[in-house]
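Notes follow the structure.
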Amino acid sequence: MRPFIYGELLFMSFIPLSEIPRIASIFFLVDCNNFYVSCERVFDPSLEGSPVVVLSNNDGCVVARSNEAKALGIPMGGPIFKYRSLIARHGIRVFSSNYILYGDMSHRVMEVLSLFAPDLEIYSIDEAFLSLPAGDPREMMSKAREIGETVRRWTGIPVSIGIGPTKTLAKVANKIAKSDEVYGGVFSLGGEANPDAYLKEIKVGDVWGIGRQREKTLKRHGVCTAYQLKWVPDEWARRHLSVTGLRTVWELRGISCIPMEEVASSKKGIVSSRSFEKWVERKEDLKEAVSLYATRAANKLRKAHLYAACLQVFLSTSPYREGPQYANAYTMHLPYPTDYTPLFVASACQGIDKIYKSGYQYKKAGVALMEMSRSSVRQGSLFWSKGREELARQDRLMRAVDVVNARYGGEMLRFASSGLTRKWGSFPSFRSPRYTTRWEELPLVR
DNA sequence: TCTGGGGTCCTAGGACCC
DNA sequence: TCTGGGGTCCTAGGACCC
C-alpha cells in the first residue's frame, strides 16, 4: 500500500492543521518552453529568434507558438485561416505537427530528468513532476538550475522549473518562472518567501484545475485571484467546485493532496478520430473513414499490449456551421476481449449503420476502444464460440500485419474497407523531417 | 472556404436488488 | 388514502488537462 499524502489523511480524519507534520518533500514541475516549437528549432537553428507556430493534426489550429508569435497576438488554439495575413506580413514560420519527432524528443528530456530524481511523474509530453526531499531553499534553487542547464545542454530543449510544497503551487511557480526572464527559468514558492504576494497576482483561471466554467462561477462570487481562491471556505468550495476543486484550494494553502503517480497507469481507453477536410454525406464514406480509424486504434492497442472488450463509434456535424446539427455515438460490447483489427472494423461499420442519418453534412467521426485488459492474459467467456485455433490464427495474422507495416512504413497493409485512397488521413503540408527516427530523414551537416 | 486530438475524473440519475 | 429504504452498478454528461 502506498503511503498517505497528508491532504488525503486530512480529508479522511479532519486532523487540525496545526497537527500536520512538516512536509518532508517538495515538488519540482519541469515544463518545456513552447515545446513543439523548441523541437523544430533544435534541428533548424535558423528558426531561433523568429516567430514560429506549430499546427494541430489537420493543420487546423495553432497548438504551439514561439514567444515571438505570442507577441504578435496569435492565440493558443486559434484557427490558422484567421491569421493568414498576419503570417504573411511578419514572415511567421508555420509547421504541421510532427508527433513522431516530438515524442522522441520528449523521451530524451524525460530520460535526463530521471537522472536527477527517482520520483518522476511524466505528466504530459512536455511536463514532468519531480519529488525531492525538502532541503535548504538555496540548494533547491541551484539544483533546479542544474537540472535546467543539463536538459538544455543534452537535448537542446529549454525548460522552466517551478518549485512548491504542492503540485499546484509548483505549477504556479512555473508560471511565474516563465513570466519574466529575470527569474532565469526557475522560481520557487517553497522557500521562506511568502507566496501570498505572488498568489494575489495570479488570475484564478490560471490556476491548475480551474478551467473556463469554474472560473466563471468563481468570478460570479467575486473570487478573481489565486489568493482569494486559497481562502474560500471548504464547504463552499466543495459545493461549487466539487472535490477536485476543494483539493485545488487545499493545495494552494500548501497542503499536498495530489500525490505523485510514478507508475504510469495503464490506459483506460484509446481514441482515433479526425475532422474531415470537407464535409461528408454518404454512409459508405463514413464507413471508410471509421474503418481507417478503427485500424489505427487497433494498432495503438497492440503496441500497448492490450485487448479491448468494447468499441464506440461516433460522428458529428460541424458546430461552427449554420444548418442542422447532429451528433451521436454507439457503443458495442465485443464478443471477447481482442486486438483483432477486422473485428473492430466490422463493429465500427455496424455502429455507423445504427446511428447514420441521411441529410446531414458530417465533419468528424471517430472510434474509441474501451474496457482494456492486458493481452498477456485472455479471459475466457461462456458465450464465445471461437476455438483456440481461430484465436491463434487471428494473433498470427495481426503479428504478420504489424511486422510488414513496421518494416515498410505506416499503413502499407490495410483493410480494403478503409478505402484505397488515403483521403481520411491527415495531410500535413508543412511537416518537418522525422530527424531522430527515420534514417532517410536524418539531419545533414555540411 | 478553412476552427485538433487524446486523455482523466466526478456527479447525478436511473435501473436493479433485497 | 395508503404506496420503504438502502445499497450497488451503469451511463451520460460535464468539467478539467495538455
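Every chain is numbered from 1 and lettered A, B, ... according to where its sequence line falls, protein lines coming before strand lines.
- Nucleotides of DNA chain B lying under 4.0 Å from heavy atoms of chain A occupy a range whose first and last members, 5' to 3', are B:dC2 to B:dT11.
- Here A:Thr331 lies out of heavy-atom contact (under 4.0 Å) with every strand.
- In this structure, A:Lys200 does not pair ionically with A:Asp196, as no charged nitrogen and carboxylate oxygen lie closer than 4.0 Å.
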Please tabulate, for the side chains in residues 310-321 of chain A, all donor-acceptor contacts under 3.5 angstrom to protein atoms that are two or more places apart in sequence or on a different chain.
unit_1   : atom_1 : unit_2   : atom_2 : d
A:Gln312 : NE2    : A:Thr331 : OG1    : 3.1
A:Thr317 : OG1    : A:Gln325 : OE1    : 2.8
A:Thr317 : OG1    : A:Tyr326 : N      : 3.0
A:Thr317 : OG1    : A:Tyr326 : O      : 3.4
A:Ser318 : OG     : A:Tyr320 : N      : 3.2
A:Arg321 : NH1    : A:Gln361 : OE1    : 2.7
A:Arg321 : NH2    : A:Gln361 : OE1    : 3.2

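- With a 3.5 Å ceiling on both atom-pair distances, the Watson-Crick or G-U wobble partner of C:dC16 is B:dG7.
- Residue A:Tyr99 comes nearest to A:Tyr36 through the heavy atom pair CE2-OH, 3.4 Å, listed as atom of the first residue, atom of the second, then distance.
- Identified under the side-chain hydrogen bond (donor to acceptor under 3.5 Å, both in side chains) test for residues 346-360 of chain A, with sequence neighbours left out: A:Lys283-A:Asp353, A:Lys287-A:Asp353.
- The pair A:Glu40-A:Arg93 fails the salt-bridge criterion, with no side-chain N (NZ, NE, NH1 or NH2) lying under 4.0 Å from an Asp/Glu carboxylate O.
- Using a 4.0 Å heavy-atom criterion, one finds that A:Arg239 contacts no nucleic acid atom at all.
- Across the interface with DNA chain B, nearest-nucleotide mapping of A:Ser265 and A:Lys364 shows A:Lys364 to be the residue nearer the 5′ end.
- Counting non-hydrogen atoms under 4.0 angstrom, A:Val62 reaches nothing in the nucleic acid.
- Counting non-hydrogen atoms under 4.0 angstrom, A:Lys82 reaches nothing in the nucleic acid.
- Backbone-only engagement by A:Ile210 is indicated by non-hydrogen atom pairs under 4.0 Å involving sugar-phosphate atoms exclusively.
- Using a 4.0 Å heavy-atom distance criterion, A:Gly77 is classed as making no nucleic acid contact.
- As judged by a 4.0 angstrom heavy-atom cut-off over every strand, A:Ile270 is placed among residues touching the sugar-phosphate backbone only.
- Toward the 5′ end of DNA chain B lies the nearest nucleotide of A:Tyr320, the other residue of the pair A:Ser266 and A:Tyr320 mapping further downstream.
- Side-chain atoms of A:Ser160 and A:Asn174 form no donor-acceptor pair, as typed in the model, at a separation below 3.5 Å.
- A cation-pi arrangement is absent between A:Lys364 and A:Phe276, since the terminal nitrogen or guanidinium carbon is not both under 6.0 Å from the aromatic centre and inside a 45° cone about the axis.
- A:Lys216 comes within contact range of no nucleotide atom at all, as no heavy-atom separation falls under 4.0 Å.
- For the C1' atoms, the distance from C:dG4 to B:dC17 is 14 Å, rounded to whole Å.
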